[in-house]
Amino acid sequence: MRGRGNARSSLVQAVSLRPATWHPCLDMGHLHRPSSRTSHRNLPHVFLLFLFVGPFNCLASYSRATELLYSLNEGLPAGVLIGSLAEDLRLLPRASGRQNQQLLHPERTASEGNPPLSFSLASGGLSGQYVTLNNRSGELHTSAQEIDREALCLDGGGGAAWAGSTSIASSPSSDSCLLLLDVLVLPQEYFRFVKVKIAIRDINDNAPQFPISEISVWVPENSPVNTRLAIEHPAVDPDVGINGVQTYRLLDYHGMFTLDVEENENGERTPYLIVMGALDRETQDQYVSIIIAEDGGSPPLLGSATLTIGISDINDNCPLFIDSQINVTVYGNATVGTPVATVQAVDRDLGTNAQITYSYSQKVPQETKDLFHLDEVTGVIKLSSKIGGSVLQTHKLTILANGPGCIPAVITALVSIIKVVFRPPEIVPRYIANEVDGVVYLKELEPVNTPIAFFTIRDPEGKYKINCFLDGEGPFRLAPYKPYNNEYLLETTKPMDYEVQSFYEIAVVAWNSEGFHVKRIIKVQLLDDNDNAPVFLQPLIELTIEENNAPNAFLTKLYATDADSGEMGRVSYFLGPDAPSYFSLDSVTGILTVSTQLDREEKEKYRYTVRAVDCGTPPRESVATVALTVLDKNDNSPRFINKDFSFFVPENFPGYGEIGVISVTDADAGRNGWVALSVMNQSDIFVIDTGKGMLRAKVSLDREQQSSYTLWVEAVDGGEPALSSTTKITILLLDINDNPPLVLFPQSNMSYLLVLPSTLPGSPVTEVYAVDKDTGMNAVIAYSIIGRRGPRPESFRIDPKTGNITLEEALLQTDYGLHRLLVKVSDHGYPEPLHSTVMVNLFVNDTVSNESYIESLLRKEPEINIEEKEPQISIEPTHRKVESMSCMPTLVALSVISLGSITLVTGMGIYICLRKGKKHHREDDNLEVQIPLKGKIDFCMRERKPVDISNI
């Protein structure tokens, strides 16, 4: 494929399948016109050509479809050239003239009017992950997504199929994995529809791996040489072909095994274990080695697992006796059940193959079988009957050891009976304690050294020395009773406890100097006494129950144990004297109940005693304490300490200041008693601290805007479901003197009034009208003239209560001109009265002939002496009440009642004045002045806030 094809020959190979316009059945020579060397190099390509497209292209005489086949190794990095569609489609050699120039220089031909060739995938798909296509040159490269053949072709079989623009498929050969793409070549005059197949070649990038780490194989020990056993769980290698698993071997063959590998029709290789030597489980029952799987890559990769070869047992061993004969002697006075001998055979096999049973041979006489009993499992021979005088002195016992499928092993036991010609010692008991049918009865509370019986030891022969001792365990002692010979006393040595051990079996043994002995069995039965009190499992019984329980509710079942037996161990239960009457305890079953409904808020804990009494004489008892805790249920709603709350708060109260505490309680406990308070209405103004119950106002409150607030506060507890309650809270705002009088008339210091000289003394001339937003004494207004200027300004006086200005004296010719009166409007607030000032201008003349002259006089700053005299008005009743503070509630009530009307009148007056003020302000804006006074009083300020005064 030109220079580029040679550069990628080792990793990427391409076979160009000619376009359908070229008939492969008619132009075979044209494909191989290069040199013979090139032809030989393209022979595999020609084979693939006929393999994939030959049968199809030979059937079509003309088509615009073309197929290309490329191959590359998996795991290549990004940017590796797969192939150039333009070259491999032979567009460049077959293009002539302008077409050839277009392919070589697409940008130049595009500028000349011929559109360049473009290559594109028919639609999106997996190609974007594994390959990239240059739309201009038609070159295919590997993308950043590394191609993993094992991940792409998991099924490893099936034919390639076109699905959309790209797909992943396996060829009919299990070694082939194809990436399929559909490519469009444009523009229309060069249109090609190209199917590109990219074969992904496998590399040895996976090592063989066994599915399990430990493999077990069982081989019978009698397996002949060359026995073949398939090893399950063979190794798996995702790689294919020569890179897959090729061979297996063992790390240690132990000189007994070898491995062989068989390949089936599907190419799967299975390892077989071959036995190479004789096996014997009794010599070695297990072989452990490492099985190694190796692939055919270069270098090869290995995988390993532990192979355990177990040798299974077969019945290839029979029972064997170590000796063929044993000799045994038995005394003629031996008791029945005396062991005579034990025979034992050995079988080296395992399990059922090694089971041995013992039996007498048929040669043994029946009389001998009746005298000696043979245990068929243990091989123990015992004396089964008393030896009589007529019994043979020697017995031959032929015993067989039988195994499954085996010839019995044989052993002979020769039993010789030694005849006894003397009489054994005699033991004569004389019981002191109560004895019935050979059983001695003792009380468990008997003291130490309590005598039980006397024993006299006799020798019938009268010639042997006899010794005596006590055989067995227990608190007993057998001692010679002096001064008598052969007299022995049996007595207790320790206190006995029926509950520890109630029965003893001991034996008095006497033997003579010849070694012959006799034994007398003594059985001791203790009688129980009421020496144990009942015992509760726990001295403190802690119980819980939820309140509001149902009547006769079950609390617990008491259980006490008494180690005594019989009636002395039977326990009854009783309540202690401190138990409340509504608790019940069943004396037989110990079931504790409560008959009434418990209320935790009434009583939370109960503590009383219960008794467990046995039926002994005298009875014994024990006491336990019952501690009952009543658990809380959310059965109580939060309760406010008052039905309603009222708070008096001075206005202008600071934001988040403490108004008052809303106290609420909940009789429940824990979460059920947690209470959260919240404001249901007015929550934008008021808030409550849930922890302290403190009511606060978020903003400063102004009585003049609203004189009272009514809140509803909800208290919700933390129970499930939650309970709640509400309360009403009334907040009354107390007035403070925070508003100075507001002068409504005159509306401006620059306004004036014409006073005729003919005005009679005592006639009202004008008035000063002011209002105060406060209430009570804070709203009582007094008027006074504190400054005068003019020809004779003292001719005018002002009423301190009404603000009416009247003429005091008749006006003279000299009184013509502008009279200016500085009026102080003051309230009677506490602790400090507030005031406002206004300039009243009176122009004494017959007519107003020159307004500009009057306006010029008004603009001049007047020099007015301030009179410090306060206005005197009659407010005696109210003043005395304020001073005494005895009628403060009445004053507050009157303030609240009159608040609405005052606010309405004041608001309407202000609104009217402001409307007029805006109109005249536009006309007489140049007449606005400030009049400084010698007394340093700012007539346009109240508490450092400007007072808006408009022109009339």
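One-based numbering along the sequence shown. Because the structure is predicted, anything quoted here is derived from the model rather than measured.
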Asker: Give the intermediate values and the outcome of side-chain contact (heavy atoms from CB on, under 4.5 Å) for residues Asp599 and Asp635.
Answerer: CA-CA 10 Å; Asp599 188 357; Asp635 56 346; 4.3 Å; yes

Asker: Do the side chain of Arg620 and the main chain of Asp562 share a donor and acceptor less than 3.5 angstrom apart?
Answerer: no

Asker: What's the spacing between Tyr752 OH and Ile854 CD1 if we round to 0.5 Å?
Answerer: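 Rounded to the nearest 0.5 Å, the OH-CD1 separation comes to 4.5 Å.
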
Asker: Just how far is it from atom OG1 of Thr596 to atom CZ of Phe583, taken to the nearest 0.5 Å?
Answerer: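 The CZ atom of Phe583 is 9.5 Å from OG1 of Thr596, to the nearest 0.5 Å.
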
Asker: Establish, from distance only, whether the side-chain atoms of Asn672 and Asp717 form a donor-acceptor pair under 3.5 Å.
Answerer: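 Asp717 and Asn672 do not have a side-chain donor-acceptor pair below 3.5 Å.
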
Asker: Is there a side-chain contact (heavy atoms from CB on, under 4.5 Å) between Arg600 and Leu631? Walk through the geometry before answering.
Answerer: CA-CA 7 Å; Arg600 188 203 65 82; Leu631 302 179; over 6 Å; no

Asker: Please report the closest heavy-atom contact between Val661 and Phe647, naming both atoms and the distance.
Answerer: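 Smallest interatomic distance, heavy atoms only, reads O-CZ, 4.0 Å.
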
Asker: Going by atom types only, do Asp799 and Thr806 share a side-chain donor-acceptor pair under 3.5 Å?
Answerer: no

Asker: Is any side-chain heavy atom of His819 less than 4.5 Å from a side-chain heavy atom of Pro791?
Answerer: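 Side chain of His819 against side chain of Pro791, heavy atoms only: contact under 4.5 Å found.
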
Asker: Regarding Asp668 and Asn636, do their side chains bring together a donor and an acceptor under 3.5 Å, going by distance alone?
Answerer: yes

Asker: How long is the span from the CG atom in Leu822 to the CE atom in Met839, to the nearest 0.5 Å?
Answerer: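 Answer rounded to 0.5 Å: 5.0 Å.
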
Asker: Give, for atom CG of Leu857 and atom CZ of Arg789, the distance between the pair rounded to the nearest 0.5 Å.
Answerer: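 Answer rounded to 0.5 Å: 10.0 Å.
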
Asker: Taking Glu809 first and then Arg792, would you say they form a salt bridge - that is, a charged N and a carboxylate O separated by under 4.0 Å?
Answerer: yes

Asker: The test is side-chain contact (heavy atoms from CB on, under 4.5 Å); show your working for Val594 and Tyr606 and say whether it passes.
Answerer: CA-CA 12 Å; Val594 56; Tyr606 296 87; over 6 Å; no

Asker: Supply the atom-to-atom distance Asp772 CG to Asp827 CG, rounded to the nearest 0.5 angstrom.
Answerer: 5.0 Å

Asker: Could you tell me the separation between the CG atom of Asn681 and the CZ atom of Phe686, rounded to the nearest 0.5 Å?
Answerer: 9.5 Å

